[in-house]
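Structure record follows, encoded as structure tokens.
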Amino acid sequence: MEVFGIKTDLIGIGDDMVEALERGMKESGLALEDGDILVVSESAVATWERRVINLEDVKPGRLACDLAARYSKDPRDMELILREADEIVGGIPGVVLTMNKGFLYPNAGIDHSNAPSGYVVLFPADPQRSASVIHDRLAQGKRIGVIVGDSRTHPLRLGCVGVALGCVGIEPVEDARGQMDLYGRPLMITRKAVADNLVSAAQIVMGEGDEGIPAAIIRNAPVRVEEGLKCEIPGIPPNECMYIGALRSGPHPYTGSYDKLIEEATNARENAYAPYSNFKVGAALLGKSGRIYSAGNIENASSGADICAERAAIAKAVASGEKEFEAVALIGDTPTPVSPCGICRQMLSEFGDDIKVIMVNLKGDAAMANITELLPGAFKGSFLKKQG
Ligand code: THU
């Protein structure tokens with residue numbers, strides 16, 4: 001296997017990166033051949049896609065300022081992180097760990113390096129699509145693979161390794177289960193991250209700094225390159241990931257993606273019937289269909305008959321034929337974001353492990369958590385033996 005770096009002129013905002021690669025290849029006497037795999041860095045792709053932001057144009061909101069203080073970050077960076085990320089898993093001073101579109105990365109993949117001064121480079125809009133576009137423009141009848149690559153650190157390891165964000169022409173993950181180990185035992189869980197490994201190989205020649213080598217050609221890799229093969233990079237659901245499973249242990253900061261749901265919960269709180277406790281709660285449940293079901297708590301002179309807002313909302317949804325949910329927002333007048341009671345956690349767990357719970361108080365403090373974080377080890381229907 002051989003790896004050739006492609007040196008190019010500096011790719012500026014909106015410059016045609018593919019043209020720059022073609023020029024770079026020509027100048028170094030390189031040309032793509034059948035079976036070659038081209039690895040392109042995500043920062044070059046994002047710059048080409050104009051995913052570059054002038055920090056002076058970013059006006060941080062209240063949430064961004066609060067989180068910036070908590071994680072010792074520039075509020076403008078935090079504002080961009082909130083716009084980009086689906087979830088902030090946690091953080092340490094200077095960096096937050098975020099999730100977006102199934103990828104886990106620091107600071108939502110927002111990069112200060114390799115960006116003009118005062119600017120930052122965002123994560124490419126759709127790396128899988130970008131890989132396709134690059135492939136279609138460069139293949140010209142040749143059977144080639146294209147990978148958009150990035151770098152990541154592994155927990156407790158110093159230094160970055162390669163990770164593929166999008167690829168065409170190769171199978172990104174090879175299933176080696178069933179193959180025998182050295183002692184003739186079948187491998188049980190081994191899958192080879194072929195695309196990630198190829199990005200690591202390419203990064204040895206690409207570098208991360210001022211080398212001006214945003215891409216590399218890998219030749220004679222022991223990998224099948226197939227015409228027209230388009231595979232999404234496979235991930236694993238957060239609740240099956242050992243790192244996320246070990247990290248997630250309760251509420252984390254709200255990232256601002258469910259403001260409408262919070263508004264509906266706030267409105268529903270007005271209709272709560274709570275003459276005994278005077279503690280009104282509002283809940284709004286977002287179904288996978290996109291419909292929202294909201295309710296307030298409903299109390300009773302016989303307090304055991306009280307129904308919490310969340311369960312009233314679930315009853316409304318299920319009665320309307322909806323049983324799959326993305327998220328629930330709840331609001332109450334509490335010093336810190338209101339937290340659902342145990343019975344409501346159990347009842348939400350019935351309808352999925354991935355339901356996001358957004359917890360808010362009247363001051364606007366907000367937190368979010370996955371239902372499995374709020375009720376680890378919930379009692380599940382699968383525990384019940386089916387009666388014949
Ligand atoms: N309540 C809810 O509506 N949701 C919860 O998760 C906790 C408690 C209501 C029930 C009761 O009407 C009032 O708050 C005081 O316990």
Side-chain angles (χ1 to χ4, degrees), residues 61-67 69-70 82 86-90 248-287 291-320 322 325-376 378-379:
R62 182 194 148 189
L63 182 59
C65 292
D66 289 353
L67 290 173
R70 176 158 165 190
L82 286 174
D86 288 334
E87 184 177 327
I88 295 176
V89 182
R248 274 180 162 169
S249 58
H252 38 86
Y254 167 66
T255 44
S257 346
Y258 291 100
D259 288 354
K260 167 107 182 17
L261 205 59
I262 294 174
E263 196 186 311
E264 296 272 339
T266 310
N267 294 339
R269 186 175 169 273
E270 294 302 316
N271 294 328
Y273 176 71
Y276 302 103
S277 71
N278 278 323
F279 185 78
K280 289 182 165 191
V281 181
L285 189 60
L286 173 62
R291 287 186 61 188
I292 293 175
Y293 307 87
S294 61
N297 50 333
I298 306 165
E299 294 187 344
N300 194 275
S302 170
S303 61
D306 288 356
I307 307 175
C308 293
E310 302 90 309
R311 281 180 291 140
I314 293 173
K316 205 168 162 184
V318 176
S320 314
E322 182 121 26
F325 306 109
E326 178 181 327
V328 60
L330 51 140
I331 181 163
D333 188 6
T334 37
T336 53
V338 68
S339 177
C341 80
I343 302 178
C344 290
R345 292 177 193 209
Q346 175 63 30
M347 197 157 168
L348 285 164
S349 295
E350 176 73 20
F351 297 102
D353 290 333
D354 291 330
I355 301 173
K356 295 189 182 87
V357 184
I358 296 101
M359 297 156 278
V360 186
N361 65 11
L362 296 191
K363 292 187 284 177
D365 300 324
M368 72 193 266
N370 208 292
I371 188 63
T372 45
E373 293 171 81
L374 297 180
L375 187 62
F379 186 83

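Below, each value reflects all heavy atoms present in this structure, side chains not excepted, and no hydrogens, waters or symmetry copies.
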How about CG on L362, more than 12 heavy atoms from neighbouring residues, nucleotides or ligands closer than 6.0 Å, or not?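 Atom CG in L362 is packed in, count exceeds 12.
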
Counting distance only, does the side-chain N/O of [X] pair as donor-acceptor with the main-chain N or O of [Y] below 3.5 Å?
X    : Y    : answer
N297 : V281 : yes
H252 : I88  : yes
R345 : P340 : yes
T334 : N361 : no
D365 : P337 : no
E299 : Y276 : yes

Starting at [atom1] of [X], measure out to [atom2] of [Y] and round the result to the nearest 0.5 Å.
X    : Y    : atom1 : atom2 : answer
I371 : L348 : CD1   : CG    : 4.5 Å
S339 : L330 : OG    : CG    : 7.5 Å
L261 : K356 : CG    : NZ    : 11.0 Å

For residues 301-319, which side-chain N or O atoms pair as donor and acceptor with protein atoms under 3.5 Å away, sequence neighbours left out?
from : atom 1 : to   : atom 2 : distance (Å)
D306 : OD1    : N300 : N      : 2.8
K316 : NZ     : S294 : O      : 2.7

Quick test of your reading of the model: are D66 and R62 salt-bridged, counting only N-O distances below 4.0 Å?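 Yes, this pair counts.
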
